[in-house]
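Before any comments, here is the structure.
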Amino acid sequence: MRTFFISILTMVAALTGHAQELKSLTLEDLNFGGTNYHNMVPKTRYTTWWGDELVHLDTDDCFVVNKTTAKERKLFTLSELNKWSSMMLRHLYDISFPETRKPLVWLNDGKQRMLFNWKHKEVLWKGDVSMEKGAEVQDFNTVSKALAYVKDHQLHVVDTHGNDHQVTTDGSRELVYGQSVHRNEFGITGGLFWSNDGTRLAFYRMDQSMVSDYPQVNIPELDWKPAKGESRIATFEPDKYPMAGETSHKVTVGIYDLTTGKVTYLATGDPTDRYFTNISWGPDNQTLYMFELNRDQNDCRLMSYDTTTGKPIAEIYHETDAKYVEPLHPITFLPWDKSKFVLWSQRDGYMHLYLYNKVGEVRQLTKGPWVVMKLLGFDAKHKRIFIESNTCNPIQKNIFAVDTETSKQTLLDVNGQGWHTGSLSESGLYLVDNYQTPDIPRNIAIVNTKNGEAISYFKAPNPWQGYTVPGYECGTIKAADGTTDLYYRMVKPLNFDPNKKYPTIVYVYGGPHAHNVDARWHYCSRGWEAFMAEKGYLLFILDNRGSEHRGKDFEQVTFRRLGEEEMKDQMEGVKFLKSLPYVDADKLGIHGWSFGGFMTINLMTTYPDVFKVGVAGGPVVDWKWYEVMYGERYMDTPQANPEGYATCSLLPKAKNLKGKLEIIIGFNDPVVVPQHAFSFLKACIAAGTQPDFFVYPGEPHNMRGHQSVHLHERISQYFFDYLK
């Protein structure tokens with residue numbers, strides 16, 4: 001018996017010693033600006049396709065991966081490429097392989113761009129890229145080897161021989177060429193669009209001379225010393241910012257022909273109060289396709305244009321909606337039938353794919369109470385398309401092959417669970433499946449799409465091994481409508497004891513085109529949540545109606561009344577929290593950024609007796625001060641919806657503030673301009689309420705670099721001080 005007790009004590013001591021060895025998670029570990037953050041995220045392997053050959057890219061080496069055994073064969077090294085090509089590459093992550101079965105690779109070391117044959121150690125083409133220095137935007141076409149760039153407001157094209165052609169001469173701050181327009185809405189991420197063969201360039205031209213300036217002020221850096229005679233005063237650096245209901249910019253689309261040097265503008269008609277988006281080239285490299293949307297965003301048309309004359313050819317598709325239509329994806333032509341293309345729409349209630357030709361609809365390709373999230377590519381031989389969708393579960397993303405003739409879907413990823421991101425080979429016969437589940441940091445598999453066989457290629461170790469880790473849970477509650485399931489994530493305090501009561505923080509976003517809860521590692525939890533859980537707080541995150549990937553009715557329920565239905569759903573979450581014996585209902589906090597900042601203030605002032613502490617970052621305060629494209633889509637104009645704007649404004653609610661509220665902004669925020677926060681402070685002063693306020697000079701909508709750690713230290717300390 002004595003020996004037995006000694007053994008037990010020895011085991012307890014060993015376990016205790018092991019527990020004492022575990023390290024606590026810090027913000028330097030968990031925040032993306034932290035000094036140790038890069039070691040705390042799941043590792044991955046970077047791959048690309050060389051036709052149907054899978055290539056593993058690393059810092060110093062490049063490997064070809066055997067797709068049936070996952071064994072690797074070294075192709076070349078960084079030092080070899082630099083020696084053979086006389087380049088000064090620092091890593092191999094950005095190289096690409098343009099032609100199947102040919103030993104060709106594109107290289108770019110920042111000084112020159114090169115097409116290189118590594119087998120013969122031969123330079124096939126090279127061009128100077130020094131003109132990119134100082135360029136605002138640039139886009140290189142690997143087929144024609146032509147570079148388009150914008151510098152000093154002017155659009156230039158450098159041809160394959162290195163000749164620089166200045167396409168425009170009247171560019172300015174008010175007349176913008178080749179850059180993203182419409183405030184990056186409607187899926188727009190740039191303003192330069194090469195034809196498939198690289199002989200023609202479509203570009204945006206945005207006249208914003210009629211748009212009001214928002215008076216941003218730039219404060220000099222701490223170590224800045226003015227030159228002799230130069231003012232020390234902060235400088236005026238205004239942004240062109242069209243607010244809801246006000247005059248917006250005018251956009252046209254130009255075509256530059258490299259063979260003739262001629263510029264032709266599309267004859268779209270008067271561009272006033274119209275949006276042009278999702279530009280794509282036809283297989284003939286002469287026809288351009290574009291979605292055109294009215295300012296009310298409820299009437300959308302797909303148009304085709306002859307880029308030689310600029311004249312319209314046809315209206316191919318027309319969609320209207322009582323609330324709004326939001327085109328987000330360009331059409332994609334089938335590789336085996338150039339007369340047909342894939343079109344995205346959520347006209348049946350969910351985002352799905354449709355097959356069209358130049359006359360009209362052929363058939364609906366996908367259908368059901370789920371959404372297509374990405375089109376990965378095609379298998380021309382078997383006439384299949386590959387998609388990512390949440391068919392299996394609303395919080396999952398899985399990979400399917402879709403037969404274009406029968407619409408039959410085949411699940412291709414390895415487990416039908418979690419969150420999968422695919423990369424397809426040129427033929428579509430092979431797939432890299434990079435995935436996470438709530439319990440798996442990252443796995444990568446190689447899938448044969450013809451027979452579905454998969455092999456394991458990479459398994460990331462748990463980067464949090466050796467650290468104390470809180471508990472993660474996921475579940476559903478009913479929305480305020482009593483029928484819709486809403487998904488939540490809960491992060492429980494370290495060493496959770498169900499018999500204790502814990503202060504609880506609701507983290508919220510709640511707006512369109514975003515979600516917080518999905519089936520990735522730890523249910524997609526943010527690092528800050530783990531940090532707060534280690535400090536004894538329970539975290540609760542709920543995706544309310546109005547957020548993404550749940551269908552049109554789910555998203556559009558907030559139309560003309562942003563914040564109302566969202567708050568009702570969040571309060572159902574609060575009701576659920578209050579039903580839990582381990583939640584201290586007298587110590588509820590709330591935190592969010594951007595739309596989440598709006599929700600934070602809204603909930604604290606609409607339900608002032610519920611939330612004791614809140615931190616609102618970059619908050620929208622009144623939607624009439626937000627930009628035209630986003631604001632009017634969800635709220636209409638202030639002129640058309642004055643009651644909705646008045647109801648959703650936070651200014652009249654300033655008088656209701658009871659709890660401790662801190663507002664934090666970037667002083668130079670071009671997205672949610674500082675006028676929002678300053679106006680709310682002014683309303684609080686008039687009402688006699690007392691929020692706290694902190695600002696990051698020189699920072700935009702989100703804090704950059706290590707300032708993000710400082711930000712989260714401040715957010716955390718506010719809860720430490722007042723929610724205890």
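Source: prediction; values computed, not measured.
- Put simply, OG on Ser716 and OH on Tyr537 are 9.0 Å apart, with the number rounded to the nearest 0.5 Å.
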### Message
If you apply the rule salt bridge (charged side-chain N to carboxylate O under 4.0 Å, His left out), what do you find for Asp543 with Arg550, and how did you get there?
### Response
CA-CA 10 Å; Asp543 282 331; Arg550 297 293 303 277; over 6 Å; no
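- No donor-acceptor pair closer than 3.5 Å links the side chain of Asp239 to the backbone N or O of Pro215.
- Ring geometry, Tyr488 versus Phe576: the interplanar angle falls from 30° to 60°, so the pair is classed tilted.
- Rounding to the nearest 0.5 Å places CG of Asp485 at 9.5 Å from CZ of Phe554.
- Residue Tyr324 holds its OH atom at 9.5 Å from CD of Gln297, rounded to the nearest 0.5 Å.
- We find that Arg704 and Glu699 are joined by a salt bridge, their nearest charged nitrogen and carboxylate oxygen being less than 4.0 Å apart.
- The neighbour count for Gln639 CD, taken as heavy atoms of other residues, nucleotides or ligands under 6.0 Å away, is above 12.
- For residues 606-619, the pairs satisfying salt bridge (Lys or Arg N to Asp or Glu O under 4.0 Å) are Asp609-Lys658, with sequence neighbours left out.
- With no hydrogens or angles considered, no side-chain donor-acceptor pair links Asn544 and Glu566 at under 3.5 Å.
- Using the six-membered ring where Trp is involved, His515 and His549 have ring planes that are tilted, between 30° and 60° apart.
- Taking every heavy atom of both residues into account, Met629 and Ser248 meet most closely at CE-OG, 3.4 Å.
- Cys648 approaches Met635 most closely through the heavy-atom pair SG-CE, 4.0 Å.
- When every heavy atom of Val371 is checked against every heavy atom of Gly551, the shortest pair comes out as CG1-N, 4.1 Å.
- To the nearest 0.5 Å, the span separating CG on Asn36 from CG on Leu30 amounts to 9.5 Å.
- What you find for Ala530 and Leu25 is that their closest heavy atoms are CB-CD1, 4.3 Å.
- Here Leu538 contributes atom CG and Ile505 contributes atom CD1; the two are 9.0 Å apart, rounded to the nearest 0.5 Å.
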Show me, pair by pair, the donor-acceptor contacts under 3.5 angstrom made by side chains of residues 583-602, not counting sequence neighbours?
{"residue": "Asp584", "atom": "OD1", "partner": "Asp586", "partner atom": "N", "Å": "3.1"}
{"residue": "Lys587", "atom": "NZ", "partner": "Lys724", "partner atom": "O", "Å": "3.2"}
{"residue": "His591", "atom": "ND1", "partner": "Val615", "partner atom": "O", "Å": "2.8"}
{"residue": "Trp593", "atom": "NE1", "partner": "His701", "partner atom": "O", "Å": "2.8"}
{"residue": "Ser594", "atom": "OG", "partner": "His701", "partner atom": "NE2", "Å": "2.8"}
{"residue": "Thr600", "atom": "OG1", "partner": "Gly592", "partner atom": "N", "Å": "3.1"}
{"residue": "Thr600", "atom": "OG1", "partner": "Gly596", "partner atom": "O", "Å": "2.8"}
{"residue": "Asn602", "atom": "OD1", "partner": "Thr606", "partner atom": "OG1", "Å": "3.3"}
{"residue": "Asn602", "atom": "OD1", "partner": "Lys653", "partner atom": "NZ", "Å": "2.6"}

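- Side-chain contact annotation: Glu632 with Thr637, donor-acceptor N/O pair under 3.5 Å absent.
- Listed by chain and number, the residues in a ring pair (Phe, Tyr, Trp, His ring centres under 6.0 Å) with His676 are Trp625 (sequence neighbours excluded).
- Figure legend: Arg633 and Phe186 shown as a cation-pi pair, the cationic atom lying under 6.0 angstrom from the six-membered ring centre and within 45 degrees of its axis.
- Counting only N and O atoms by type, the side chains of Asp170 and Tyr177 include a donor and acceptor under 3.5 Å apart.
- Aromatic ring centres of Tyr275 and Phe291: separated by at least 6.0 Å.
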### Task
Please step through side-chain contact (heavy atoms from CB on, under 4.5 Å) for the pair Glu292 and Phe276, ending with a clear verdict.
CA-CA 5 Å; Glu292 302 180 5; Phe276 303 124; 3.5 Å; yes
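- Aromatic ring centres of Phe694 and Tyr696: separated by under 6.0 Å.
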### Task
Take Asn641 and Arg561 through the side-chain contact (heavy atoms from CB on, under 4.5 Å) test and state the conclusion after the steps.
CA-CA 9 Å; Asn641 184 24; Arg561 290 291 190 277; 3.4 Å; yes
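- For Glu555, the salt bridge (Lys or Arg N to Asp or Glu O under 4.0 Å) criterion is met by no residue, not counting sequence neighbours.
- Across all non-hydrogen atoms, the minimal contact from Val709 to Gly33 is CG2-C, 3.5 Å.
- Between the side chain of Asn298 and the backbone N or O of Ala322, no donor-acceptor pair lies under 3.5 Å.
- Side-chain contact between Gln179 and Tyr204: absent, with no pair of heavy atoms (C-beta onward) separated by less than 4.5 Å.
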### Message
As a quick check of understanding, evaluate side-chain contact (heavy atoms from CB on, under 4.5 Å) for Arg183 and Tyr630, giving each step before the final call.
### Response
CA-CA 9 Å; Arg183 303 286 298 181; Tyr630 182 105; over 6 Å; no
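- For the pair Lys660 and Tyr722, the cation-pi test (distance below 6.0 Å, angle within 45°) is passed.
- Applying the 6.0 Å contact sphere to CG of Asp553 captures no more than 12 heavy atoms from other residues, nucleotides or ligands.
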### Task
Evaluate side-chain contact (heavy atoms from CB on, under 4.5 Å) for Leu155 paired with Leu192, printing each intermediate quantity in order.
CA-CA 10 Å; Leu155 174 62; Leu192 300 169; 3.8 Å; yes
### Task
Evaluate the side-chain hydrogen bond (donor to acceptor under 3.5 Å, both in side chains) criterion for residues Glu565 and Thr558: first the C-alpha distance (whole Å), next the side-chain angles of each, then the deciding distance (0.1 Å), finally the verdict.
CA-CA 6 Å; Glu565 298 303 317; Thr558 65; over 6 Å; no
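- Within a 6.0 Å sphere centred on NZ of Lys478, other residues, nucleotides and ligands contribute more than 12 heavy atoms.
- Here His153 contributes atom NE2 and Leu175 contributes atom CG; the two are 10.5 Å apart, rounded to the nearest 0.5 Å.
- Between His182 and His249, the angle of the ring planes stays under 30°, which puts this pair in the parallel group of the 30/60° scheme.
- Residues Ile541 and Val517 approach most closely at O-CG2, 3.7 Å, considering heavy atoms.
- Between Tyr502 and Phe496, a ring centre-to-centre spacing shorter than 6.0 Å is recorded.
- Between the side chains of Ser649 and Asp622, at least one donor N or O lies within less than 3.5 Å of an accepting N or O.
- Screening residues 206-215 for salt bridge (Lys or Arg N to Asp or Glu O under 4.0 Å) gives Arg173-Asp213, Asp213-Lys240 as the qualifying pairs, with residues at least two apart or on separate chains.
- A ring-centre distance under 6.0 Å is not found for Phe611 and Tyr607.
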Would you be so kind as to tabulate the donor-acceptor pairs closer than 3.5 Å made by side chains of residues 680-688, with sequence neighbours excluded?
none

